[in-house]
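Okay, so here's the structure we're looking at.
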Amino acid sequence: MGWGFWIIYIVIILGAMYFIAIRPQRKQQKKQNELQNSLSIGDSVLTSGGFYGVIIDITEDTVIVEFGNNKNCRIPMQKSSIMASEKPDTEQSAEK
């Protein structure tokens, strides 16, 4: 077992680490960035704290989210705390 074996062994280990740890993390970060860029006023969102709300205002790095039926419960938070977003259904809104 010479140096060639050890070099190949290290390359295989590093390649496995890339596909197990680094690549999925980059894909998740890209998905989160796309979500943050697609937010708009009126979207229903799920926060990292587990609260559901509706976006009422957006700035560069923060959003103001309205929670529940109480129109006075408006909380500013960072865009990074938004975990999921759902666009309002325009067909049902138009029928009402």
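Under the 4.5 Å side-chain contact rule for hydrophobic residues, F19 and I22 share a cluster.
Salt bridge status for D43 with K87: present, with a side-chain N to carboxylate O gap under 4.0 Å.
Counting heavy atoms from C-beta outward, N33 and Q36 have side chains that approach closer than 4.5 Å. Using a 4.5 Å cut-off on side-chain heavy atoms (C-beta onward), Q32 and M83 make contact.
Here L46 contributes atom CG and E86 contributes atom CD; the two are 10.5 Å apart, rounded to the nearest 0.5 Å. Here the CD1-CD1 distance, from I10 to I8, works out to 11.0 Å after rounding to the nearest 0.5 Å.
Relative ring orientation between Y9 and F5 is described as parallel, the plane-to-plane angle staying below 30° on a 0-90° scale split at 30° and 60°.
Atom CD of Q78 is surrounded by 12 or fewer heavy atoms from other residues, nucleotides or ligands within 6.0 Å.
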Discussion item. Applying side chain to side chain contact (heavy atoms under 4.5 Å, CB included) to R74 and I56, what does each step give before you reach the verdict?
Written reply: CA-CA 8 Å; R74 297 176 176 182; I56 60 170; 3.2 Å; yes
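Annotation for I55: hydrophobic cluster partners, listed by chain and number, are L35, L39, I41, V45, F51, I58, V63, V65, F67, I75, M77, I82 (ILVMFWY side-chain heavy atoms under 4.5 Å, direct or chained).
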